[in-house]
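Have a look at the structure below, then the notes.
Chain naming here is simple, since letters A, B, ... match the order of the sequence lines and numbering starts at 1 in each.
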Amino acid sequence: MSEFTHPGAGARVRWVGFQTIVRREYGRIVRIWGQTIVPPAITATLYFVIFGSLIGRRVGEMDGVSYLQFIAPGLIMMAVITNSFGNVVSSFFGAKFGKHLEELLVSPLPNWLIVLGYVAGGLMRGLLVGLLVTVVALLFTHLPIRHPGVIVVSVILTSMVFSLGGLLNAIFARNFDHISWFPTFVLTPLTYLGGVFYSMSLLPAWAEGLSHVNPILYMVNAFRYGFLGISDVSVTSALLVTVVAAVFMYALVVGLLNRGTGIRD
Amino acid sequence: MKALSIQGLTKTYRNGVQALRGIDLDVEEGDFFALLGPNGAGKTTTIGILSSLVTKSAGRVEVFAHDLDRDLELAKSCIGLVPQEINFNMFEKVFTIVVNQAGFYGLPLDIARAQAERYLRQLQLWEKRDAIARSLSGGMKRRLMIARALVHEPRLLILDEPTAGVDIEIRRSMWDFLREINQRGTTIILTSHYLEEVENLCRNVAIIDRGRIIEHDRVSRIIRKLNQETFVLNFRDEVPALPELPGMVARLIDAHTAEVEVSKEQSLNSIFAALSASGIEVVSMRNKVNRLEELFIRLVEAGGREGMPK
Ligand SMILES: Nc1ncnc2c1ncn2[C@@H]1O[C@H](COP(=O)(O)OP(=O)(O)OP(=O)(O)O)[C@@H](O)[C@H]1O
Ligand SMILES: [Mg+2]
């Protein structure tokens, strides 16, 4: 006879459940490290070598710092964005496709918690890769840290926004083509146009105006401000945009899952 | 207490298929219950709704008095599900799969590990605990899903065709195991194509066909009904009363017609002997259609040809 009865539902069950999702996501990141950790580090190194060292030397200064220093925060943020997004989109879609998402759907864990669990997974991978790219950056240039609080807050919020973006993509994806659609046609262009490689002051007025609808611009600039103390936009509004984006995305994703969109027939 | 209570359950899929057309079903705590029906009857749909994998179109479901619409988390915590199709991560280790599922039900890690070991041992999978799930044989994969479903000690275990594609030896050992679990107090609902399985294991059965429950009774009574044939006899002259027919149930429908229920092993000669002795002359006789038997013929066909279209 069993010596315990099942724990039912409630805060304790949710907390243990959340930890379990996080542990499983961590296990996944580590198990397939060749896909999750190595490629972004290689990409980042290439960027630093080509844009930073080779081309950057000719570019000279941008906004009063060396080009290498200017792009370093942007490249770190770019890695955080793509890896947060990529982790959640492939983990959640993989679970949907391989049907083991059902393990979570039959459990007593509510959708808002499942979302938090996947976001935590995206954060883990995003921050881990971000740290790795930072280390690579430090091999090429010196990075001051002017406002550590801004760095931490902006990187965490941005990672959350794009983890939720990955989840949103995975909810609507019905095959593996669908999970590369958003990164290719939306995420990558917005990242490249989001001020990773250039200052807004280089753009004609209309393009600069247009850039301000791109949320990634705000995230990259807040993050860069944290290191270098320079920004194309107001840092307060940048952080505000990111918070609003995170809250909006979270509500949207939880709402969709509660309706069963993409996960229940 | 009722382990399960379903009222007016309907389901229409997005593609317009009406999979359930109003199901009412009660399962008592401690029961070993079968949901029996041919391919496409709506078994998996029903189970999907109970376990929150499918959204219902209408109706009410209560699991141990927890309404799915109001107390979803409590209702879910009472259920352990063994689905029809394999749904674990093929790239994870056997032990990890079971431990994680325990975690999703809120079992702290140390208890989760102990429970996983306990059920992997009971299902003869402990030696395979470090194997990648993909490398298990079909029968092992099914047993892994049973271990996973039991790890949080659910009060209600639901199995959707647990023995499909499993050889007879493993099937029998699974039956023994399920019987034991049931004797320890777990309510079990399983779906099946096989009457033999239901007869062996279950006390009560609901027969579902085209989204409707068409029979709901004790298994023994269903078997008896299946073993019975009904003959309709027509008499030349008016018959005021029937003579005693040994071991059979007979009744007059009108003065010229009677129905006689005969079990399949019984000889028909005795009917005619008794009737002749009373001077009653039979002019014609026909076999009354046995709805249940018709269904079972289809069931047997479905069981014999898995996955074939109806
Ligand atoms: N996801 C779905 N989308 C649309 N129709 C579906 C879906 N799942 C099942 N159906 C349809 O609903 C009906 C009932 O299917 P269900 O899977 O519940 O039957 P079943 O009794 O489990 O059959 P089997 O014995 O073959 O497993 C069938 O007509 C089936 O085609
Ligand atoms: Mg089925």
Worksheet item: Which atom names give the shortest non-hydrogen contact between A:Leu109 and B:Lys76, and what distance separates them?
Response: O-NZ, 4.4 Å
Discussion item. How about CZ on A:Phe97, more than 12 heavy atoms from neighbouring residues, nucleotides or ligands closer than 6.0 Å, or not?
Written reply: no
Worksheet entry | Nearest-0.5 Å distance that lies between atom CE in B:Met90 and atom NZ in A:Lys99 | 11.0 Å
Worksheet entry | Heavy atoms from other residues, nucleotides or ligands near CZ of B:Arg179 exceed 12 (cutoff 6.0 Å) | yes
Worksheet item: Below 4.5 Å, heavy atoms only, C-beta onward: do A:Val13 and B:His152 meet side chain to side chain?
Response: no
Worksheet entry | Residues A:Asp265, B:Arg14; criterion side chain to side chain contact (heavy atoms under 4.5 Å, CB included); working and verdict | CA-CA 8 Å; A:Asp265 285 315; B:Arg14 257 185 292 267; 4.2 Å; yes
Item to complete: For chain A, find which of B:Thr96, B:Asn89, B:Val54 contributes the most heavy-atom pairs closer than 4.5 angstrom.
Response: B:Asn89
Discussion item. If I measure from the heavy atoms of chain B, does A:Arg31 come under 4.5 Å with its side chain, its backbone, both, or neither?
Written reply: side chain
Fill in: Min side-chain heavy-atom separation B:Pro108-A:Arg12 under 4.5 Å
yes
Worksheet item: Checking B:Tyr13 against chain A: side chain, backbone, both or neither under 4.5 Å from a heavy atom?
Response: side chain
Worksheet item: Quick check: are there more than 12 heavy atoms from other residues, nucleotides or ligands sitting under 6.0 Å from NZ of B:Lys93?
Response: no
Worksheet entry | Which atoms of B:Leu72 approach chain A - backbone, side chain, both or neither, heavy atom under 4.5 Å | neither
Discussion item. Please classify the contact of A:Ile21 with chain B as side chain, backbone, both or neither, using a heavy-atom distance under 4.5 Å.
Written reply: both
Discussion item. Using side chain to side chain contact (heavy atoms under 4.5 Å, CB included), reason through A:Val106 and B:Leu53 one step at a time and then give a plain yes or no.
Written reply: CA-CA 7 Å; A:Val106 301; B:Leu53 295 175; 3.8 Å; yes
Practice prompt. To the nearest 0.5 Å, tell me how far A:Thr20 OG1 sits from B:Tyr105 OH.
Written response: 12.5 Å
Worksheet item: Above 12 or not: heavy atoms from other molecules or residues under 6.0 Å from NZ of B:Lys141?
Response: yes
Worksheet entry | B:Leu109 portion near chain A, given a 4.5 angstrom heavy-atom threshold | side chain
Worksheet item: In Å and rounded to the nearest 0.5 Å, what is the CG to CZ distance from B:Asn100 to A:Arg24?
Response: 6.5 Å
Worksheet item: Are there more than 12 heavy atoms of other residues, nucleotides or ligands under 6.0 Å from atom CZ of B:Arg121?
Response: yes
Discussion item. With a 4.5 Å cut-off on side-chain heavy atoms, are B:Ile97 and A:Glu103 touching?
Written reply: yes
Response to the item:
d(B:Gln101 CD, A:His100 NE2) to nearest 0.5 Å is 11.5 Å
Discussion item. Please check if the number of heavy atoms outside A:Arg174 that lie under 6.0 Å from its CZ is greater than 12.
Written reply: no
Item to complete: Return yes when atom CZ of B:Phe177 has more than 12 non-hydrogen atoms of other residues, nucleotides or ligands closer than 6.0 Å, and no otherwise.
Response: yes
